[in-house]
There are 2 protein chains.
Amino acid sequence: MARIRQAVTIKHVAADAGVSLQTVSRVINKEPNVRPQMQERVQASIDKLGYVPSLAAQRMSGSRSYLILALNDRERTIAEWRARQGSDWVDQMLLGGMLKCAEFGYRMMFELVDTHNDHVERELTAAITALQPDGVILTPPHSDNMLIVNLLEKHNIPFARIGSAGSNAGIALTMGDEKAGEDSTRHLIELGHKRIGFISGPGEYVLSGWRQSGWERAMQDAGLPTDGLLAAGDFSFESGLAATEKLLGLQDRPTAIVASNDHMAMACLQVAKGLGLTVPDDLSIISFDNTPIAALADPPLSAVDQPVAETTSQAVELIISAKNGNAVPEGLINVPAGFVDRASTAPPPSA
Amino acid sequence: MARIRQAVTIKHVAADAGVSLQTVSRVINKEPNVRPQMQERVQASIDKLGYVPSLAAQRMSGSRSYLILALNDRERTIAEWRARQGSDWVDQMLLGGMLKCAEFGYRMMFELVDTHNDHVERELTAAITALQPDGVILTPPHSDNMLIVNLLEKHNIPFARIGSAGSNAGIALTMGDEKAGEDSTRHLIELGHKRIGFISGPGEYVLSGWRQSGWERAMQDAGLPTDGLLAAGDFSFESGLAATEKLLGLQDRPTAIVASNDHMAMACLQVAKGLGLTVPDDLSIISFDNTPIAALADPPLSAVDQPVAETTSQAVELIISAKNGNAVPEGLINVPAGFVDRASTAPPPSA
DNA sequence: GTGAAAGCGCTAACAC
DNA sequence: GTGTTAGCGCTTTCAC
């Protein structure tokens, strides 16, 4: 295989424009201290020759790689890809992240990293050393993995933590979980529901706690009891089955259930149907995340829409801004969740 | 922002092991001509220091970037991401491509490129120049875009063309479209169907023709007529609606329909229901691709499973093999499609 | 405001 | 088998 050498390099441009390499470099990087006339002349040569700087070379000498690394949990991501249940978390990250990166001449790369693994540190260090990204985006549950956070801090790489309260380092972004939990529960309360069950997510994800808090707050504010109405899930369909069975097996069973993700809501739907209950007439269901299955369920599920694309987009923008020397925003960035009202909610049967 | 310099470089390793840079380089690249004892000593230093070579530096001096670029159609991909209908084409590519890349120490990058655009050439050249990938994976409809193919050939970059017969350049891979069209039609014939409609995809995709040919062949082989049973679609839901209306509006309407993708099959289902037809009792439907919506439809659709992950995986492997100087396989690589029998097919009503 | 020189981390080519 | 030299394409540093 022939050695690939760049067809047109900064040298060619410099020669063509009759200036030094340095001046071309300044034009490429939009640095000041270049006379407009000079800059125009150089730009003309760049356009004429179709010159595009080599990322590798820029990375070699300069301080930027124009690369942002998005880290996802290996096991869970691969499992979701294999399951083919339509989870579009990665797609939404790509949508928000790639497009925003492109605006700034950056690229986004994906990397899968194990959480439950002593190799985390080695794996991540390897990726960082090989790629030398200008920034890293952490997704749950990595966002709160202190091993990862500390490593990134040590390497002095700007990073965003999606779905984390992350008080210490990095840019923390949340997706309105608590408020969404509260609002969706309130929506049910307004429909007349008094017994509203909640299926929680795994403790490993901080956002599980937030979603639950929202539900608790709304119930409390309305003077409604939550005793026995909380069932623990772990985001899996199976856990949703068990949780729903527990909830619907109650003496005084709930007339509505909020599930912490779509899979568990689907399980909820299945159990309800199995019990001969009609959704939403006998049981209202609200799910979290709004991955495609929510819309495709029968009936289509009303769901909290997790703003993954928008959040990733903001994460990219903040990282690049930090890389440009701007201050990292203080405190938490909150990207509010949406709510898509479909056909799985109605007033309670007795109302 | 501090200048990021590599913490531990090849120099450190060389110093630690007391050998020359070149020897370390040889060990990294698993070149022969290194005494086992030497190689062990160097490897020990590498492990001890946690050395990982910089991709950028490898790219700069060597002939490889360890990067494979996957190209997708910008407009269509973004539209699918936005629509959130669960299309997992990108996820499956990532699944097959990233994992295979990782086996060889490569990375996969995604790039969106416009097809219907005079900028294709400029856009792609820019990406190639900036990234200098070791290989490129083309997906439909890019796989048959001669502008792209010629460009890649000119740059001497190994590339794979997924879903293309691509006689001239690059590694062509198909996903068993014709046989799948034939087999699924035959499946319906065996169930007793005699009037089987077919909704085609857009001509822009060569695989549309293959799928259709498969249907035609099966019908022909069985001595069944196809006149009037072909309706043109373009992969969109709307086109599926129109095509199905045409087909079901026929005097002697089909008792089964094969749709060239899932969206059109969903449209088919909707039209059938609107007409008061029960699927599969009154109408059997088989769809192509088997994206998540097929499984989530009501009834779940029997579908041809497009082996995207496996095909991408093979594409990566062949590209790396080509890059290593091995001959590119002659002719077409065919990765057979699967078939998932769900609940949308049954014997025809009169049978 | 512009240019010249040095060097980033690594590999190719060649010497020994 | 192993070391040395040169250089990839760019930015940094420092002159002017």
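Keep in mind that this is a model prediction, so the values were computed, not measured. Values below: all heavy atoms of this structure, side chains included; hydrogens, waters and symmetry mates excluded.
Nearest to the side-chain atoms of B:K11 among the listed nucleotides D:dC10, C:dC10, C:dC8 stands C:dC8. Closest approach to the B:S20 side chain among D:dG9, D:dT11, D:dG3 is made by D:dG3 (side chain taken as heavy atoms from C-beta onward). When the nucleotides C:dT11, D:dT11, D:dG9 are ranked by their closest atom to the side chain of A:M60, D:dG9 comes out on top. Listed nucleotides D:dT11, C:dT11, D:dT2 differ in distance to B:T23; the shortest reach to its side chain belongs to D:dT2.
Not a single side chain to side chain donor-acceptor pair (under 3.5 Å) links B:S54 to another residue, sequence neighbours left out. Partners of A:K48 by side chain to side chain donor-acceptor pair (under 3.5 Å), not counting sequence neighbours, listed by chain and number: A:D16. Annotation: salt bridge (charged side-chain N to carboxylate O under 4.0 Å, His left out) contacts of B:E103 (sequence neighbours excluded): B:K100. Evaluation of the side chain to side chain donor-acceptor pair (under 3.5 Å) rule for A:R107 yields B:E111 as partners, not counting sequence neighbours. Shown here are the ring pair (Phe, Tyr, Trp, His ring centres under 6.0 Å) partners of B:F110, two or more places apart in sequence or in another chain: there are none. By the ring pair (Phe, Tyr, Trp, His ring centres under 6.0 Å) test, A:F159 pairs with no residue at all, sequence neighbours left out.
Rotation axes derived from the C1' atoms of the five outermost pairs at either end of the helix from C:dG1-D:dC16 to C:dC16-D:dG1 lie 30° apart, to the nearest 10°.
For the segment residues 24-44 of chain A, the set of residues with a heavy atom within less than 4.0 Å of an atom of DNA chain D comprises A:S25, A:N29, in numerical order. Residues from residues 49-56 of chain B that place a heavy atom under 4.0 Å from any atom of DNA chain C, listed by number: B:Y51, B:P53, B:S54.
Side-chain contact check for B:Q39 and B:Q43: no donor-acceptor pair (N or O, by modelled atom type) lies under 3.5 Å.
The list of salt bridge (charged side-chain N to carboxylate O under 4.0 Å, His left out) pairs with a residue in residues 115-130 of chain A, not counting sequence neighbours, reads A:R74-A:E123. Legend: salt bridge (charged side-chain N to carboxylate O under 4.0 Å, His left out) pairs involving residues 22-45 of chain A, not counting sequence neighbours: none detected. Every pair passing salt bridge (charged side-chain N to carboxylate O under 4.0 Å, His left out) that includes a residue from residues 154-172 of chain B is listed here, sequence neighbours excluded: B:D144-B:R161.
When the side-chain nitrogen and oxygen atoms of B:Q58 are compared with OP1 and OP2 of C:dG9, none of them lie within a distance under 4.0 Å.
B:Q22 comes within 4.0 angstrom of a base, heavy atoms only.
The distance between atom NE2 of B:H12 and atom C1' of C:dC10, rounded to the nearest whole Å, is 14 Å. One interatomic measurement links the two molecules: CG of B:L21 to P of D:dA6, which rounds to 14 Å at whole-angstrom precision.
Test A:N72, A:T139, A:T312 against A:W89 for side chain to side chain donor-acceptor pair (under 3.5 Å) and you get one pass: A:N72.
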